[in-house]
Protein chains: 2
Amino acid sequence: MTTTLVPVFAALGDETRWSILVALGEGDASASALAVRLPVTRQAIAKHLAVLEDVGLVESTRAGRELRYRVLGSQLSATARSLDRIGAEWDRRLAAIKRIAEAL
Amino acid sequence: MTTTLVPVFAALGDETRWSILVALGEGDASASALAVRLPVTRQAIAKHLAVLEDVGLVESTRAGRELRYRVLGSQLSATARSLDRIGAEWDRRLAAIKRIAEAL
DNA sequence: GCGCGCTGCAACTCTATAGTTGCATTAGCG
DNA sequence: CGCTAATGCAACTATAGAGTTGCAGCGCGC
């Protein structure tokens, strides 16, 4: 589960990929179905989905000739928890440094 | 405070920028000071710091001729909360869709 | 079986940006 | 005042990746 965070954020740092995630948040869909709703070609969407699947944000299921993708909200939440812990740790540590500095 | 999330993630999606954030998490520092610890030039670091400051992840304070940067853990935590809410919402909605489908 | 719709692969363009070098500027300090 | 150490600005290179077009392969339904 120690998914390195940076690639996940790199994946999340693209507007088109967010559009895809948001669309999947309203229901599972295939790359072709998404291409109807979004202003990019199916192939572009397929590449984005591959990236998202690589970092574990979506999951695919084969249904005959079509590949349906599902967004994994739990993974997003897990990433969020990691982020929160890191941010809190920074604040904690810097506050400690500040206290020490003021004690001089 | 409705900082658009995507640019923040784009900023977090770079290894060098994470190195900078982690270094700042151990104590405030200037671009020159960071350049000593990291394997890139000061100018590269300065650009990264500008990006991070743009999205609100760090803050700078002038102290004479030097610019000290401080990481803002609270902003990271705020971003984390947004992420968590979005992920939870997706899971909630998709579960509802699944229940409806099973009821047929 | 045949055509249609969906996916997969490959090559290509183009833009954004990470990183560099070089120089100008300015603020402390002896 | 001059030296040094810090930031700021500009031009440049190079690579990653977002997007495209074109075509091949394959499962479904008539």
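Note on naming: letters A, B, ... go to the chains in the order of the sequence lines (proteins, then strands), and numbering restarts at 1 for each one. Keep in mind that what you see is a predicted model, and the values were worked out from it rather than measured.
Residue-level contact check: A:Arg17 touches the backbone only, with heavy atoms under 4.0 Å from sugar-phosphate atoms and none from bases. A:Arg62 comes within 4.0 angstrom of the backbone, heavy atoms only, and of no base.
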Pairs: protein N or O with nucleotides 2-5 of chain D N or O, under 3.5 Å:
none

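Counting only heavy atoms from C-beta outward, the side chains of B:Leu49 and B:Ser60 never approach each other to under 4.5 Å. Side-chain atoms of A:Ser30 and A:Leu67, non-hydrogen and from C-beta on, never get closer than 4.5 Å to each other.
Within a 6.0 Å sphere centred on CD of A:Glu15, heavy atoms belonging to other residues, nucleotides or ligands number 12 at most.
Classification of B:Arg99 and B:Glu102 as a salt-bridged pair fails, no side-chain N sitting under 4.0 Å from a carboxylate O.
Summarising the geometry, atom CZ belonging to B:Arg81 is positioned 13.0 Å from atom CD1 belonging to B:Ile86; distances are rounded to the nearest 0.5 Å. Here the OG1 atom belonging to B:Thr79 is positioned 11.5 Å from the CG atom belonging to A:Leu12, to the nearest 0.5 angstrom. With rounding to the nearest 0.5 angstrom, the CG atom of A:Leu21 is 4.5 Å from the CH2 atom of B:Trp90.
For the ring pair (Phe, Tyr, Trp, His ring centres under 6.0 Å) condition, the pairs that include at least one residue of residues 9-34 of chain A, sequence neighbours left out, are A:Phe9-B:Phe9.
For A:Thr16, no side-chain nitrogen or oxygen approaches OP1 or OP2 of D:dA18 to under 4.0 Å.
Where A:Ala63 and A:Ala10 meet DNA chain D, the nucleotide closest to each residue was compared, and A:Ala10 sits on the side nearer the 5' end. Mapped onto DNA chain D by nearest heavy atom, B:Ala33 and A:Asp14 fall at different nucleotides, with B:Ala33 at the one closer to the 5' end.
Judged by distance alone, the side chain of B:Arg42 and the main-chain N or O of B:Ala35 form no donor-acceptor pair under 3.5 Å. Formation of a donor-acceptor pair under 3.5 Å by the A:Arg17 side chain with backbone atoms of A:Leu52 is not found in this model. Judged by distance alone, the side chain of B:Asp91 and the main-chain N or O of A:Ser74 form a donor-acceptor pair under 3.5 Å.
Within residues 41-55 of chain B, the residues having any heavy atom closer than 4.0 Å to DNA chain D are, in order of number, B:Arg42, B:Gln43, B:Lys47. Residues from residues 20-31 of chain B lying near DNA chain C, meaning a heavy-atom separation below 4.0 Å, are absent.
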Residues B:Val6, B:Thr4; criterion side-chain contact (heavy atoms from CB on, under 4.5 Å); working and verdict: CA-CA 6 Å; B:Val6 181; B:Thr4 47; 5.8 Å; no
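Taking every nucleotide of DNA chain C with any atom under 4.0 Å from a non-hydrogen atom of chain A, the first and last of them, 5' to 3', are C:dC4 to C:dA11.
With sequence neighbours excluded, the residues that form a side-chain contact (heavy atoms from CB on, under 4.5 Å) with B:Gln43 are B:Thr41.
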